[in-house]
Amino acid sequence: MIGGDLNHGIYALMLSLVAGTPLLLASLCCTPMRKIAAQALPLAAISALLASFLVPSYVLVEVPWFFMSGRMGLDDTGRIFLCVSAFIWLLAALSGRNQVDNDPENNRFNGFFLAAMAGNFGLILAQDMLGYYLFFALMSFSAYGLVVHKGTEEAHRAGRSYLVFVMIGEVALFLALVILADSANGLLLEDLIGVTIHPFVLVLLFIGFGIKIGALPFHVWMPTSYQAVPAPAAAALAGAMVNAGLLGWLRFIPLGEVVSPAGSLLFIVAGGLAALYGVIIGLNRKRAGTILAYSSISQMGIMTVIFGLGLTGLDAGDHAAFILILYAVHHSLAKSSLFLGYGVLANRKGPLSKWHIAGLLLPSLSLAGMPLTSGAVSKVGFKELTNFVGEPWLVLSGFFLPITAVGTTLLVLHFIRVVRHCEGSEKTGSTSGPGAWIASLLAVSLAIWLWPAVQIHVDYSIAAAKLWQSLWPIVTGGLLFWAWRRCVRRREIEARPFVRDINTIQGHCSGFDWWKKLHQVIGGIEEELKEHEVERRNNLVPYKSFSWFLRQEMKSIYSFNGVASTVKVLISGLSGSGYAGIDFFLRKTEKIMGRWTVVGLSYVLLCILFFFFLG
Amino acid sequence: MITNTLYSLCGLVLFAMGLFALFACSHLLRKILAVNIMSAGVFLVLVAAAYRPLGAGEVDPVPHAMVLTGIVVSVSVTALALILACRVQETSNLSISRNGLKVNDEEGSGG
Amino acid sequence: MSFDSPTWIVCPIILPLIAGLLCFLFRKNTFFIALFASLANLLSVAILLWQFLLLGPMRYSMGGWQAPLGISLRMHGPTILMLLMTAVSGLGITLYARGYFSFRIAAPKRVGRHERQERFFWPLWLLLMTALNALFLSADIFNLYVTLELVTVSAAALAALSGKPASQIAAFRYLLVSLLGSLSYLLGVVFVYKTYGVLDLQMLRQVASPGPGLQAALALMTLGLLLKTALFPLHFWLPPAHANALAPVSAILSGLVVKGSFYILFVLWFDIFASSISQNALNLMGVLGTGAIIWGSVQAIRQQRLKLLVAYSTISQLGYLFIAFPLALRGDGGQGAWAAVAFMVLAHAFAKSAMFMAAGTIFLHMGHDRIKDLTGVRKCLPLTSFAYAIAGVNLMGLPPSGGFIAKWLLLSSSLTSSQWWWSVVIMTGSLLASIYVFRVVSRLFVIPAGKSICACRPHSPLLEWPALVLAMIALLLGLIAPYPLLILETDTLVSCLLLGGGL
Amino acid sequence: MIWQGWLLVFILLSSFLPGIIIFALPEEKYRLRTSLNLFGAGIKLVFILIMNIGIYYGYNYEIRLPLIQGVELLLNADPLSALFATLSSVLWLLTTIYAVGYLEDSPNRSHFFGYFSLCVTVTIAIALAGNLVTFLLFYEMLTLATYPLIIHRGTPQALRAGRNYLIYTLGGGAVFLFAVVWLQTITGPAYFSAAGFSPLLVETHRTALVSIFILLLMGVGVKAALVPLHGWLPQAMVAPAPVSALLHAVAVVKAGAFGIVRIVLDVYGIDNMSRLNLFPLLTVASSVTIIWGSIRALQQDNLKRLLAFSTVSQVSYIALGMSLADQPLAVIGGLVHLVHQGLMKITLFFCAGNLAETLGIHRISEMKGVARRMPLTMAAFSIGALGMIGIPPTVGFVSKWYMGLGALAMDNWWVLAILAGSSLLNACYFLPILTSAWFAKQERPWPEERRFNRFETRLMLLVPPVITAIIVIVAGAVANAQISPLAWVRFILREYGL
């Protein structure tokens, strides 16, 4: 027994250390011992990685006193997410330690980096709603520090739009949580099982977590932020933190427990649109971070679709949950690898070598669904899911998936081309060592082979027919890309900071006239949003015209102030210029009342009055 | 009985006249006199009140005592009023007989 | 003379009278005579209070002569309260006057004049005290007339004491108005005597019955007393008289003298002729009171001189006393109004005396009383400023002052008797009061950066402490509210259960 | 027992007597004054802790002084009083430390600290008031005690602010008095221990009781800064920072909110409130205030003014919680916000004072990059601001959470919308400050910089906000523990049988 207790204690300690280590290190950043924290940056993620392998599922840490009672534990879903996240954070930390070493602000960077890490780990472990919310908030707000880290005008703008959306997400989540807690009669995640979820809550959750994963109307922050953050942080942002949104959906809308046709429609439509939209806009962007962000939007769109499919039925839900996790792992590894690679290559001197190109191509094609990569496995899983769900969503596997695959291929090729051209243009400090990148490449290529649970899908995906199914969109995409590049006049891609894409679009996209109009419309909306942001920033007092309007309103509404000012005049002894008339009247009346004749009259009058009144 | 009522009425008329003079005249001395006439009127009414119908016993002594007291009070008050009037005339630059009393509230200073 | 001998009742009259006469005789040490008299007065009132609580109301015929020819004194609850008020305020005023005159005499200019003023002040003040005490103790309406005249004479002389033209004119006017009032009252007395043939208050209460004679008598007496109480619109004489007098005199006039005539009025309306008063007349009183509250406050607000402001505030505060009229004699609200009047009178007496004392001290130090130049007085006169502010709290009727209790009772009776409009008047009055109080207080308490605005001349503590103590008494009157009520209640007249229990 | 009642008197005297002595102290007795102040604050805290323990174990503290029929001074400590009293005394201790540092070389300190002590005495007395009359008494005295503090600087703006303060509060006080008397004529003396008046009266005096409630609400609403009676509050921010802190977090505004709590829970009682259908009225009033205050705060560039409008908005959460009092959860939210808002707002004002005192910063536009110069101050400020927005694990979230649950339980969906909107608006005006302070680059030199040796500012200015900021986080993080504001509020609700 004692041994058992001891073991349990150790596991509990390990569990606590998962989020605790980064938090402790983050607080060290505020003390003179900040150098230690900077050195120990990777250590923070290692404890999480260890825990994800060692701590068994039954270990639960209950802290009833903490923040309306908290519970931490590591279930199967959490374990996968924790493992992947910890790995990505580890790589990001390793590359980040080198990259921001000579940055004067590196201490601040480390602090926010660690806090975001703690948030990310904590939310994976959280087994109660508020714990999830707490760590989610910690992660989201800390990531702001990463977004604005570079301190450029552009970074601040990105940070601002990031913050706006984070706030909207927080509020939506808050509302959703309140309603869920009310209907579930408990705060633990397991209380949610069997609870009917109001469609309104679904919408709120869609907004709250959708913002994190860049679901369609709420993706605006993503491209700017991905472009603005330093590459290591971007890897963490795109690889680990986006998953918090997916995990949130999985936690709060437990697939396999909930069926919601309306919800599935919402998720599938929004996801499908995002998948296409991300590709279309991404092709028109000229900076690597932005392009990757749109790729993320697109990929996350696909995952949203998977989630939506999971909402169509109970069995489908179970199925979809697994596919979703698989897809998420695949995307995280690939995307973080791309960012890490971009971080290595952005500041290189000289042209790219073959190896570099190959290193970029591996995760890129994996994203596109190249056979024998995790991408292919995931896409096959997606197809199985649509087959399982059946009509009306069967159409997705027939048209939607190949189209997105083609699009993704185009997009990643576009990305590689951009990276080739942006020699030494990004000022991200010194170039980081390639070690982390290489590790991530290994993970991309090996992960699915080492993951026992997905072997069925893997086997399935390497059947010959499937291989071709996965391959043709990539070939098509490659051919299209080649054709596009031939059509477009060769020109140096401008890579100066903050290019207003819409202004240069005509020169670049002459080959694709048919979507120029569409793009202009969409780009116009985005510009609009940006303009709005700029305006908001220029006036530190926000919404100036609105404020003017309010002030006018105040003047008319505030009749109480009118009373107050009258009293003020009274207080100043009525001597103000505008009230001389009243003052004069009062003085005169008082004088007249003092005349003997008037006194006599009032005396007699009152005498008579009293005489009669007394009767 | 009639005489008694006559006295009383007479006293009231005196009182009313004094009242009118007090309010209408601005001269200080006149005002003092008006007050005196008023008190005389009151005393007259009071004396009339002492009247007892024939055969109802002696005259009521209480009003007389009151009148005597009243006269004493009246005399002393008149003396004070006169002194004050003189003082007012001495110290103020106002021409009492013409303009009457003028107290300027706004400029009046305390101390 | 044992402690429960009825003879003690003459002490509040005799002692100040003798002291006053002695003050005429001796030129030196008059202050100590006055102080002694004030203390002895307080002591004898205390003994009377003790007797009263032990034995209840009493009557005393002077020299054994019975009414109607003799002079009889009576003592009941309201009397005791008024005597206490006079004695306590009187002691404070005596002490303050000492500080005031010695400060003035210490000034290099016009020493002789100031000395002369002091010499006349003491006997007149003691005579006034005598007259007031006698007034409160009188048991028949003619004696009330005599004491009223005594009050008038001494008060008018006091008002003229400052010697300035303005004050003499004001005093003369005051005297004339008072005479008119007294004569009017006397005529009413005559009517009463003609109608009923009695003068004694107790007997009158028994025989009084409604009729034209009583109507005329009461109308005349009321008008006379209203003139002396300076109820709007007959208040014209009060502000100049009170504002132009010397500070201790202002305190006496505003704090005590107006209460004398009001006391008579109140006794007549609610004790003697209560059964023959119609609601219309009471409402008329209320209307006049409303006028006084509003008009007095507005005039106070527009004054530029401190003492005039305080004087006008007296007019406004006196209005509250008349608001109580329509509320009394109506359902169970009546007793509340009774007590309200008692608290109002007491609190106003203390607070207003304190306020005039404070104003006088400020005038002495600043050399003027222009309100707009009073900024920062707290710096050199902290106690005085506090006294003024605390007295102001009373006038505003903020808790726990006596004014608050009075206003509470008035509000409560107006709401229980469904006459809510009076409560609107009361609230308006308090708000206006807060305006004129804070007009001054906010200046007194702001200490501007830079140089001090008034040179702090050394002065005796007597100049500051009496005002503060009186203001504190007014403030804490609310906390000792059960005791005045106990005194009122012991009387047969107010037999209601005003006490909240516990005592 | 009688000595238990005297404990309440001692609690009041522990700040009253030092206050009176301080008035008499000459200006230069710095040490004596400071130690008197701190001594008083410490003693008071000890007394209140003793009282809290006693209350927890069911002792009854009560002392009464009957004045006239129906008017009785009654001090009575129930758990609700203890909540407010503890908050006030803890924050008073911190504010005193802060004020000593803040006013180190300014004139008229005796004056200031004297009123400061009186103000706290009166606030605690409001907390301990056992009936409506006693509440009214101290409520009015609070006006008088705070007025000199507001005009302390003596500048024309301060005078104007003081004047407006008086106009509003005395007007409100008059209305309140009127309402109290009226209520008393109908229901008899209103004690805070009884759960409202007899339901029979609801039938007979419906209109009168509704009118009285509106009048009472107007009376306390002035101090609680309910729109449209809030006009004085933003102007009153011209007072020195410790005063603003006290005004916003402990004394005046809180007294008004506390009054609303008392009226709803004790004077009327929840049942009568719903019988009279008064809750919607309160809900609307507080919701309008929450949104309006936030919108006005958006427009401000002056930091303290912004904070003042934020107070307008935040204090109405308490009223909002009360307006949903059919649901215990919402009451928890409202009551706990009484404490939480105080903690957060006092932190913010301390920090604003630090900025003004150290760097001369009064405007938000001057705050760019200030966190580099004053990291601790801005860290505390950030915690306070995040708390206001309602980010977990700060205390602000706890209140909002319970309020939201309560609103839901009453099916008041639109209240949820108000909560969400207010959070967003709070974020709109607080987050730009935080980002510009932490991440923007300093553009101009600070308006009036003063250097201090070791720390970013005076130590006595630095410690209080840091402590309160830590409490803001810790009290939120351990909300569910045995000893926390939330736990005490649950205890209060048990006492009310909810």
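Letters A, B, ... are given to chains in the order of the sequence lines, protein chains preceding strands, and every chain is numbered from 1. All values below were derived from every heavy atom in this structure, side-chain atoms included, with hydrogens, water molecules and symmetry-related copies excluded.
For B/F15, there are no ring-ring contact (aromatic ring centres under 6.0 Å, His included) partners at least two apart in sequence or on another chain. Applying the ring-ring contact (aromatic ring centres under 6.0 Å, His included) test to C/Y174 and every residue at least two apart in sequence or in another chain returns C/W237.
Both the backbone and the side chain of C/L183 come within less than 4.5 Å of a heavy atom in chain B. If you measure heavy-atom distances from B/V35 to chain C, the contacts under 4.5 Å come from both the backbone and the side chain. The contact between C/V189 and chain B is made entirely by side chain atoms (from C-beta outward), counting heavy-atom distances below 4.5 Å.
Comparing B/I32, B/L19, B/V77 by heavy-atom pairs within less than 4.5 Å of chain C, the highest count is held by B/V77. Your options are C/L180, C/L150, C/V146, and the one with the most heavy-atom pairs under 4.5 Å with chain B is C/L180. Listed options C/L187, C/L186, C/V249 were ranked by heavy-atom pairs under 4.5 angstrom with chain B; first place goes to C/L187.
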Walk me through whether B/T78 and C/L179 qualify under side chain to side chain contact (heavy atoms under 4.5 Å, CB included). CA-CA 10 Å; B/T78 308; C/L179 284 178; over 6 Å; no
Output, in order, the C-alpha distance, side-chain angles, deciding distance and verdict of side chain to side chain contact (heavy atoms under 4.5 Å, CB included) for C/Y145 and B/T69. CA-CA 10 Å; C/Y145 160 74; B/T69 319; over 6 Å; no
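Within a 6.0 Å radius of CD1 in B/I83, no more than 12 heavy atoms belonging to other residues, nucleotides or ligands are found. In C/F120, the CZ atom is not crowded: 12 or fewer heavy atoms of neighbouring residues, nucleotides or ligands sit closer than 6.0 Å. The neighbour count for C/Y196 OH, taken as heavy atoms of other residues, nucleotides or ligands under 6.0 Å away, is above 12.
Between C/F172 and B/A81 the shortest heavy-atom distance is CE1-O, 3.5 Å. Residue C/Y193 comes nearest to B/P63 through the heavy atom pair CE2-CG, 3.5 Å, listed as atom of the first residue, atom of the second, then distance. A pairwise comparison of heavy atoms in C/A156 and B/L80 identifies CB-CD2, 4.3 Å as the closest pair.
How far NZ of B/K31 is from CZ of C/R173: 9.0 Å, rounded to the nearest 0.5 Å. In this structure, CG in C/N143 is found 9.5 Å from CE in B/M66, a value given to the nearest 0.5 Å.
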